[in-house]
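Report on the following structure.
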Amino acid sequence: QVQLIESGGGLVQAGGSLRLSCSASGRTNNGYAMGWFRQAPGKEREFVAAISWNDVFTYYADSVKGRFTISRTNAKNTMYLQMNSLKPEDTAVYYCAAAPTLYSANYYTRASRFDYWGQGTQVTVSS
């Protein structure tokens, strides 16, 4: 089992920045891919970004490419999502997820490919 806890959400004006963190605990000694998803009110959960088990590959949704950066510090079992140039349409609950599989990052664009999920953190971008 892997437990995930997100933090760093909040309210920010359009054009601003936030950094989300996802702390992983439990059986994290094996390689696993991680990702970020988001869900806005009345919409389905959508893929944001993923990082491969070896941190070599990253993959982004077109809507965030060039603005968001996913990274991970294995020593601290922590994953980050640096979000710059935020837009009102980025408003959503952001979830981190983990999968104990060893595919390249672009494999993880579907929520069904992740086994573990955090509880989510709210990001609100005002116009």
Side-chain angles (χ1 to χ4, degrees):
Q1 290 289 332
V2 174
Q3 294 79 43
L4 303 173
I5 300 176
E6 304 96 335
S7 62
L11 173 64
V12 64
Q13 289 188 335
S17 298
L18 279 175
R19 188 176 80 159
L20 304 183
S21 299
C22 175
S23 177
S25 61
R27 298 184 62 181
T28 59
N29 54 310
N30 297 322
Y32 54 98
M34 296 187 74
W36 289 97
F37 285 73
R38 66 187 182 187
Q39 188 166 18
K43 295 188 177 181
E44 293 186 354
R45 190 169 297 190
E46 66 172 357
F47 169 76
V48 175
I51 188 165
S52 62
W53 66 276
N54 56 3
D55 297 341
V56 172
F57 301 105
T58 58
Y59 194 74
Y60 298 91
D62 288 342
S63 59
V64 306
K65 200 173 297 182
R67 300 188 298 122
F68 291 11
T69 303
I70 188 172
S71 62
R72 176 165 57 176
T73 304
N74 280 325
K76 297 181 179 180
N77 283 337
T78 303
M79 177 179 66
Y80 303 99
L81 185 68
Q82 177 66 44
M83 306 186 295
N84 298 329
S85 302
L86 283 161
K87 305 175 181 179
E89 51 264 43
D90 293 319
T91 295
V93 177
Y94 283 70
Y95 299 90
C96 70
T101 50
L102 309 181
Y103 297 102
S104 185
N106 58 358
Y107 173 82
Y108 298 101
T109 58
R110 297 182 181 181
S112 60
R113 291 177 173 170
F114 288 90
D115 296 273
Y116 305 104
W117 291 86
Q119 293 300 308
T121 185
Q122 176 71 47
V123 172
T124 303
V125 184
S126 63
S127 57

- Query: Ile5: which other cluster members, linking ILVMFWY side chains closer than 4.5 Å, directly or transitively?
  - Reply: none
- Message: Looking at every heavy atom in both Leu11 and Ser126, which two are closest together, and how far apart are they?
- Response: CD1-CB, 4.3 Å
- Query: OG of Ser85 to CZ of Phe68: how many Å apart, nearest 0.5 Å?
  - Reply: 9.0 Å
- Between Arg113 (side chain) and Ala99 (backbone), is there a donor-acceptor pair under 3.5 Å? no
- Query: Should Ile51 and Val2 be regarded as members of a common hydrophobic cluster, given that ILVMFWY residues are connected when their side-chain heavy atoms come within less than 4.5 Å of each other, either directly or indirectly?
  - Reply: yes
- Out of curiosity, Tyr32 OH to Leu102 CG, how far, rounded to the nearest 0.5 Å? 12.5 Å
- Query: Got a sec, which residues hit side-chain hydrogen bond (donor to acceptor under 3.5 Å, both in side chains) with Lys43, two or more places apart in sequence or on another chain?
  - Reply: none
- Residue pairs passing the side chain to side chain donor-acceptor pair (under 3.5 Å) test with at least one member in residues 4-22, sequence neighbours excluded, are Ser17-Asn84
- Please identify each residue that fulfils side-chain hydrogen bond (donor to acceptor under 3.5 Å, both in side chains) with Glu46, with sequence neighbours left out. Arg38
- Task: Kindly indicate, with the supporting measurements, whether the criterion side-chain contact (heavy atoms from CB on, under 4.5 Å) is fulfilled by Thr69 and Tyr80.
- Result: CA-CA 8 Å; Thr69 303; Tyr80 303 99; over 6 Å; no
- Task: Verify the cluster assignment for Tyr116 and Ile70: are they in a single hydrophobic cluster under the rule of side-chain heavy atoms below 4.5 Å apart?
- Result: yes
- Only residue of Tyr59, Tyr60, Trp36 satisfying side-chain contact (heavy atoms from CB on, under 4.5 Å) with Phe47 is Tyr59
- Query: What pairs with Phe57 under ring pair (Phe, Tyr, Trp, His ring centres under 6.0 Å), at least two apart in sequence or on another chain?
  - Reply: none
- Roughly how far, to the nearest 0.5 Å, is the CG atom of Leu18 from the CD atom of Gln82? 8.5 Å
- Note on the structure: Of all heavy-atom pairs linking Val48 and Val64, the shortest is O-CG2, 3.5 Å
- Message: I'd like to know if Val123 and Val93 are part of one continuous hydrophobic network [Ile/Leu/Val/Met/Phe/Trp/Tyr, side-chain heavy atoms within less than 4.5 Å].
- Response: no
- Item | CA sep, side-chain torsions, deciding dist, call: Leu4, Met34, side-chain contact (heavy atoms from CB on, under 4.5 Å) | CA-CA 10 Å; Leu4 303 173; Met34 296 187 74; 3.9 Å; yes
- Counting only N and O atoms by type, is there a donor-acceptor contact under 3.5 Å from the side chain of Tyr108 to the main-chain atoms of Ser52? no
- Message: Quick check: closest heavy atoms across Ala14 and Pro88, and the distance to 0.1 Å?
- Response: CB-CD, 4.1 Å
- Could you check if a side-chain atom of Glu89 sits within less than 4.5 angstrom of a side-chain atom of Val125, using non-hydrogen atoms only? no
- Task: Apply salt bridge (Lys or Arg N to Asp or Glu O under 4.0 Å) to the pair Lys65 and Asp62, showing each step before the final yes or no.
- Result: CA-CA 5 Å; Lys65 200 173 297 182; Asp62 288 342; 3.1 Å; yes
- Would Met79 end up clustered with Leu81 when hydrophobic side chains under 4.5 Å apart are linked, directly or stepwise? yes
- Item | Those residues that, when tested against Ser104, pass side-chain hydrogen bond (donor to acceptor under 3.5 Å, both in side chains) (two or more places apart) | none
- All heavy atoms of Arg67 vs all of Asp90, minimum pair found to be NH1-OD2, 2.8 Å
- Are the ring centres of Phe37 and Phe114 closer than 6.0 Å? yes
